[in-house]
Protein chains: 2
Amino acid sequence: MLKQTKRLSLVEQVAEQIESLISSGNWPVGSKIPAEPELMEQLQVSRNTLREAIRALTHAGLLKTRQGDGTYVSSSSALGPVLKKRILRSGWLETLEVRHALEKEAASLSAERRDEDDLERMAYCLEQSKIAILAGEADLYARWDVEFHQAIFASSRNGLLIELYDYISDSVQPILVDMFHDVPFHSFHDNHTQLLEAIRKQDSEMAVEMVQQYIRETQEHFKNQNITGGHKQHGEDEFLNQIRT
Amino acid sequence: MLKQTKRLSLVEQVAEQIESLISSGNWPVGSKIPAEPELMEQLQVSRNTLREAIRALTHAGLLKTRQGDGTYVSSSSALGPVLKKRILRSGWLETLEVRHALEKEAASLSAERRDEDDLERMAYCLEQSKIAILAGEADLYARWDVEFHQAIFASSRNGLLIELYDYISDSVQPILVDMFHDVPFHSFHDNHTQLLEAIRKQDSEMAVEMVQQYIRETQEHFKNQNITGGHKQHGEDEFLNQIRT
DNA sequence: GGAAATTTGTACGTATGTATT
DNA sequence: CAATACATACGTACAAATTTC
């Protein structure tokens, strides 16, 4: 029943062009795109056609328009916004379980594929987090903890895995930052040090075991806190969402 | 500080309404939605406003319009189409690695949470696949194999996990069906039988081990076939990295 | 407060593809 | 096959709301 249209509609062509301008970096995230009259001239289309294209990308989460001001790039990929919207309908536990699945895979792949630069990057992140611990700065520690995990994912050499983790990780970041206030930092730091060592020795099984260890600690925290709800607490502030994601 | 922009744009309101009609099942997948004039009347908006809303949902993959015919519902969720589009840019190996990450998690969770109905369903799927093997029907076996895995995911009780698997699984289905022609079925069937047994005994570690076993067989097949991966050239890099192990 | 810039919403006309008579 | 009706595609023009300076 489904037939493939040989020719894309004009609106889709325009949307494709704009999308490629965004993904290529010509229109960076946060930048203001040209006004309607100018784009009409450059793309040689009518206002209605241009508006439908922009509306499509706005709905997809790539653009944000502010009446009386202009239209701004809010994301470089359509996957992020959609995934985040879906995650809002899930409970914290569901989201964390998916995140953990990705973390175990990344640790395993990292142990196989990491190079010296990767190891150096991970070690640097751990050093910085150690400094943050000694200074007692929870926020700073959380930031370097995230960087550490992202370094592991980067060394997995799997772009899809990296991207999925980024979006899911963003959505559960608040709850994890909150957790850092109740759980002793050094426990995670010791674990992460062993995780790095396993990756350095290319011991996939040990790396996965280390990931599972801090996952268990995270889950213990959830049980103690008796958190059962969804993401709603952090979902209502979507209105004052900045231009940048 | 009265900051909140109280109202969504008219177009977004219309899009929301249509989206909820789709996700609620009032407009099932494959059905034809009312024509523009009728929707204009029902929603009390102008034609352009309605068209922008429909265009947004069309771009998101929820609707498909055919000039001269009408507009049809093509998906009940926005996540599926976007994820599939993203996967097209990845290599087969990348996609399979993510899929495997989800499968391991699902097997582990299933071992913890499955009930008797779940076990019954899984056992039934295995029986049917056994029948397909004896009849020598590869397509039929592939279908029941998919059903078996979906039964495992269903018993993970994690809606996000289930949804992600569905979309990713769809995208790699062709390559897996192809693989069934070269790999002895009974090897997978024996493995799956043990996997079911592990889930029945609520032995998470054994369940994960069984998943990893058939993953290894799948990867062996890829090495032998010298498949360079996906629709993109860069997929070859990931494959070569995988070869090194 | 006012003027300019920008997006929003509406109305109408024409063209083109599809199905039906 | 031709004619007709219907549905979507694309274009122009005008008025309104919002933000910035």
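All figures in this text were calculated on a predicted structure; none of them were measured in a lab.
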**Q** Starting at atom CE of B/M40, determine the distance to atom P of D/dC6, rounded to an integer number of angstrom.
**A** 16 Å
**Q** Phosphate oxygens OP1/OP2 of C/dT6: is one of them under 4.0 Å from a side-chain N or O of A/T71?
**A** no
**Q** On a heavy-atom basis, which atom in A/K32 and which in A/D69 lie closest, and how many Å separate them?
**A** NZ-O, 3.2 Å
**Q** For A/E103 and A/Y214, test the side chains for any donor-to-acceptor distance below 3.5 angstrom and give the result as yes or no.
**A** yes
**Q** Tell me the interatomic distance from A/E36, atom CD, to C/dA5, atom C1', rounded to whole angstroms.
**A** 12 Å
**Q** Test of understanding: with salt bridge (charged side-chain N to carboxylate O under 4.0 Å, His left out), list the residues that count as partners of B/D166, not counting sequence neighbours.
**A** none
**Q** Round to a whole Å and report the spacing from CG of A/L63 to P of C/dT6.
**A** 16 Å
**Q** Less than 6.0 angstrom separating the ring centers of A/Y72 and A/W27, yes or no?
**A** no
**Q** Using a cut-off of strictly less than 4.0 Å, decide whether B/T65 has a side-chain nitrogen or oxygen near OP1 or OP2 of D/dA9.
**A** yes
**Q** Considering just the side-chain nitrogens and oxygens of A/S9, establish if one lies under 4.0 Å of OP1 or OP2 belonging to D/dT8.
**A** no
**Q** Give the rounded distance in Å between these two atoms: CG of B/L10 and P of C/dA11.
**A** 12 Å
**Q** Rounded to whole angstroms, how far apart are OH on B/Y72 and C1' on D/dA7?
**A** 10 Å
**Q** Do B/S155 and B/S110 meet the criterion of a side-chain donor-acceptor pair at a distance under 3.5 Å?
**A** yes
**Q** Using a heavy-atom distance cut-off of less than 4.0 Å, which residues of residues 41-62 of chain A contact DNA chain C?
**A** A/R47, A/N48, A/R51, A/R55
**Q** Separation of A/R66 atom CZ from D/dT19 atom P, in whole Å?
**A** 8 Å
**Q** Could you check which of D/dT8, D/dT20, D/dT18 has an atom nearest any side-chain atom of B/A35?
**A** D/dT8
**Q** For the residue pair A/N48 and A/S46, confirm or rule out a side-chain donor-acceptor distance under 3.5 Å.
**A** no
**Q** Have B/S90 and B/R86 got a donor and an acceptor in their side chains that come within less than 3.5 Å?
**A** yes
**Q** Whole angstroms only, please: what is the CG-P distance between B/L8 and D/dA17?
**A** 18 Å
**Q** As a test of reading the structure: which of C/dA19, C/dT7, D/dC10 is closest to the side chain of B/D69, going by heavy atoms?
**A** C/dA19
